[in-house]
Engineer: 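Questions regarding the structure given below will be posed in turn.
From a predicted model like this one, the values you see are computed outputs, not experimental measurements. Below, chain A is the first sequence line, B the second, and so on; all start at residue 1. What's counted below: heavy atoms across the whole structure, side chains too, no hydrogens, waters or symmetry copies.
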Number of protein chains: 2
Amino acid sequence: MNNAQKRSKKERILDAAEELFALHGFDGVTIRQIAAQAQVDVALASYHFGKKRELFDAVFLRRAEILNEERLEALLKCQSESGTEGPSVEKIIEAFLRPLEMEQENADPGWKHYLALVAYINNSPIWGKELMSKYFDPLVTRFIEALKKALPGAKEEDIYWCYHNLSGALTLTLAQTGRIDKLSKGLCKSTDFRAAYDHMIPFIAAGFQRVCTKP
Amino acid sequence: MNNAQKRSKKERILDAAEELFALHGFDGVTIRQIAAQAQVDVALASYHFGKKRELFDAVFLRRAEILNEERLEALLKCQSESGTEGPSVEKIIEAFLRPLEMEQENADPGWKHYLALVAYINNSPIWGKELMSKYFDPLVTRFIEALKKALPGAKEEDIYWCYHNLSGALTLTLAQTGRIDKLSKGLCKSTDFRAAYDHMIPFIAAGFQRVCTKP
DNA sequence: GACAAAATTCAACAAATGTTGAAAACTGGG
DNA sequence: CCCAGTTTTCAACATTTGTTGAATTTTGTC
């Protein structure tokens with residue numbers, strides 16, 4: 001049996017949709033392209049998922065809960081390992097980001113595609129608010145609460161703006177546009193997730209501390 | 001004469017395409033929608049710009065050079081105002097970012113739409129490399145040279161990764177997704193560019209200094 | 001193996017898409 | 001006014017789009 005056919009046809013449709021939506025966006029992909037890549041009849045996508053938009057949502061939801069659990073677990077772990085004053089800013093950022101790196105390095109390339117799709121959604125003026133808020137904000141709020149504790153006296157507004165910067169830096173990393181490869185003439189690679197996060201974490205932590213600490 | 005009809009039809013097509021492409025991406029917009037918003041016949045877009053993709057490029061190019069000039073001017077000004085050791089990291093970041101804020105606050109809303117389009121392109125795995133590299137990398141390289149001087153002893157690789165984080169934070173700001181509005185329960189607003197940049201500049205500067213300074 | 005249910009294929013649909021060619025309207029010098 | 005050149009409109013085209021309903025095959029259960 002062909003390697004591409006080990007998974008069920010339903011899963012193969014999700015896999016194909018995940019990769020293509022991440023690359024070209026919702027409107028840049030046709031059901032027929034998805035069906036072709038999944039080696040499946042066109043009508044099967046509608047049968048399993050309904051409208052195109054519902055397929056899109058199904059792709060988004062498939063890994064969203066898994067991700068939320070992993071990140072929550074990372075937060076709880078770093079909190080339990082710290083004393084009563086709570087974890088440091090850097091530890092919190094690390095708990096927020098490392099689970100993503102882990103999945104991007106997962107043997108299943110679907111995770112890499114999925115996170116690129118999340119980047120597309122998060123950066124979109126029309127999809128961003130709706131989908132991201134609904135499924136990720138509860139978790140984000142928990143991280144922000146932890147950050148407030150680690151940054152006593154910080155203005156709430158400042159913390160949100162810092163989170164905005166964190167979210168942007170992360171989003172571009174997830175998108176894997178390959179632009180840094182070209183700009184740095186090969187010195188850095190979009191696919192080198194380890195390097196990306198190793199640089200991102202202290203970068204972001206320093207930003208929080210500078211902006212959220214009274215002078 | 002109607003306000004929407006003061007500009008030439010050719011310009012109105014560019015204006016409409018700019019706004020709609022920024023909102024929905026290249027494939028999410030039809031020539032007919034653009035023509036309708038511009039109050040213009042459908043065939044006129046093809047007559048003036050050729051293929052849909054050429055119209056997209058025309059929109060991108062219209063303001064790219066203007067932007068490059070403004071940012072270069074800002075860099076040269078801050079360099080001329082500093083001594084022989086060159087401007088500080090924060091001054092360089094400020095020169096890189098403030099011209100964008102200025103244009104986002106321009107009375108012409110076209111600039112706001114244009115910069116959201118740049119965000120869309122920069123975050124896209126397929127458009128990002130091609131368009132952004134071609135038209136913005138020469139300028140970016142000049143800023144990076146200035147940063148190298150301001151961060152003596154820093155590893156080149158580290159500077160590029162820091163720039164990557166800067167680019168991401170900026171991109172999300174340009175995209176104006178409105179997500180921070182919801183997350184912060186109205187405390188922060190995506191359209192409050194002044195606040196966004198006032199927080200972004202020290203945040204980014206601190207990140208550079210932490211990552212690119214030997215311990 | 002019979003048989004109901006689920007999965008899959010096939011064919012077709014109406015609507016929407018980018019693009020074009022010919023006709024018409026407008027423009028500014030002579 | 002004339003008329004060449006540009007701009008604009010109109011109508012039409014071949015494709016492609018998402019979706020559906022009926023027919024066929026596969027699956028699991030007794």
Side-chain angles (χ1 to χ4, degrees), chain A residues 1-62 117 120-121 124 126-127 130-131, chain B residues 1-62 117 120-121 124 126-127 130-131:
Chain A
M1 182 182 266
N2 187 339
N3 190 9
Q5 291 170 346
K6 278 183 182 170
R7 336 194 85 212
S8 78
K9 295 198 175 187
K10 196 174 173 182
E11 280 178 308
R12 271 153 49 200
I13 292 171
L14 286 174
D15 292 343
E18 187 170 60
E19 179 170 359
L20 292 175
F21 280 144
L23 270 174
H24 306 99
F26 179 77
D27 297 292
V29 178
T30 71
I31 308 273
R32 283 173 168 82
Q33 289 174 315
I34 294 171
Q37 172 148 332
Q39 305 188 48
V40 145
D41 188 89
V42 205
L44 204 54
S46 298
Y47 170 73
H48 279 303
F49 301 100
K51 311 279 183 199
K52 184 183 181 185
R53 171 57 201 265
E54 295 175 282
L55 169 59
F56 186 80
D57 288 346
V59 170
F60 179 77
L61 285 176
R62 176 165 60 150
L117 178 62
Y120 160 75
I121 293 172
S124 155
I126 49 171
W127 304 88
E130 183 190 342
L131 278 181
Chain B
M1 182 181 268
N2 187 339
N3 191 9
Q5 291 170 346
K6 276 185 182 169
R7 335 194 85 213
S8 78
K9 296 198 175 186
K10 195 173 174 182
E11 279 179 308
R12 270 151 53 198
I13 292 172
L14 285 173
D15 293 342
E18 186 170 60
E19 179 171 1
L20 293 174
F21 280 143
L23 271 174
H24 305 100
F26 179 77
D27 297 291
V29 178
T30 71
I31 307 273
R32 281 172 169 82
Q33 290 174 316
I34 294 170
Q37 171 147 334
Q39 303 187 47
V40 145
D41 188 89
V42 205
L44 205 54
S46 300
Y47 169 72
H48 278 303
F49 301 100
K51 311 278 181 199
K52 184 183 182 186
R53 171 59 202 265
E54 295 176 284
L55 168 58
F56 186 81
D57 288 345
V59 170
F60 178 78
L61 285 177
R62 176 165 60 150
L117 178 63
Y120 159 75
I121 294 173
S124 156
I126 47 172
W127 304 87
E130 184 191 342
L131 278 180

Engineer: Nearest whole angstrom, please: distance from the P of C:dA22 to the CG of B:D41.
Structural biologist: 17 Å

Engineer: Should B:K52 and B:D27 count as an ion pair when the cut-off is N to O under 4.0 Å?
Structural biologist: no

Engineer: Closer to the 5' end of DNA chain D via nearest nucleotide, is it A:V29 or B:K9?
Structural biologist: B:K9

Engineer: Whole-Å distance between D:dT17 P and B:D27 CG?
Structural biologist: 11 Å

Engineer: CG of A:L131 to CG of A:D57: how many Å apart, nearest 0.5 Å?
Structural biologist: 5.5 Å

Engineer: Just verifying a value: how many Å separate A:E18 CD and A:I34 CD1, rounded to the nearest 0.5 Å?
Structural biologist: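 Answer for the CD-CD1 pair, A:E18 versus A:I34, is 11.0 Å.
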
Engineer: Given side chains that start at C-beta, do those of B:F21 and B:F60 come closer than 4.5 Å, heavy atoms only?
Structural biologist: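 Not touching, per the 4.5 Å side-chain cut-off.
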
Engineer: Quick one: which of D:dC10, C:dT19, D:dG18 gets closest to the side chain of B:K52?
Structural biologist: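 That would be C:dT19.
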
Engineer: Using whole Å, what does the distance between atom P of nucleotide D:dG18 and atom CD1 of A:I13 come to?
Structural biologist: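 The distance from CD1 of A:I13 to P of D:dG18 comes to 14 Å, rounded to the nearest Å.
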
Engineer: Look at the side-chain N and O atoms of B:K51 and state whether any lies under 4.0 Å from the OP1 or OP2 oxygen of C:dT20.
Structural biologist: yes

Engineer: Rounded to the Å, how far apart are A:I34 CD1 and D:dT19 P?
Structural biologist: 11 Å

Engineer: Any idea which of D:dT9, D:dT19, C:dT19 is nearest the A:I31 side chain?
Structural biologist: D:dT19

Engineer: Can you work out whether B:Y47 or A:R53 has the more 5'-proximal nearest nucleotide on DNA chain D?
Structural biologist: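 Nearest nucleotide further toward 5': that of B:Y47.
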
Engineer: Any base atoms under 4.0 Å from A:S46, or only sugar-phosphate, or nothing? Heavy atoms, all strands.
Structural biologist: base

Engineer: Please determine, for the side chain of B:L44, which listed nucleotide (D:dT20, C:dT19, D:dT8) has the closest atom?
Structural biologist: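 Per side-chain heavy atoms of B:L44, the pick is D:dT8.
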
Engineer: Is A:H48 close enough to C:dA6 that one of its side-chain N or O atoms is under 4.0 Å from OP1 or OP2 there?
Structural biologist: no

Engineer: Starting at atom CZ of A:F56, determine the distance to atom C1' of D:dT19, rounded to an integer number of angstrom.
Structural biologist: 19 Å

Engineer: Could you give the CD-to-P distance, from B:E11 to D:dT8, as a whole number of Å?
Structural biologist: 12 Å

Engineer: Considering only NZ, NE, NH1 and NH2 on the basic side and carboxylate oxygens on the acidic side, decide whether B:D15 and B:R62 come within less than 4.0 Å.
Structural biologist: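 Yes, B:D15 and B:R62 are salt-bridged.
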
Engineer: For B:L55 and C:dT17, give me the distance from atom CG to atom P, rounded to whole Å.
Structural biologist: 15 Å

Engineer: What is the distance, rounded to the nearest whole Å, between atom CZ of A:R32 and atom P of D:dT15?
Structural biologist: 15 Å

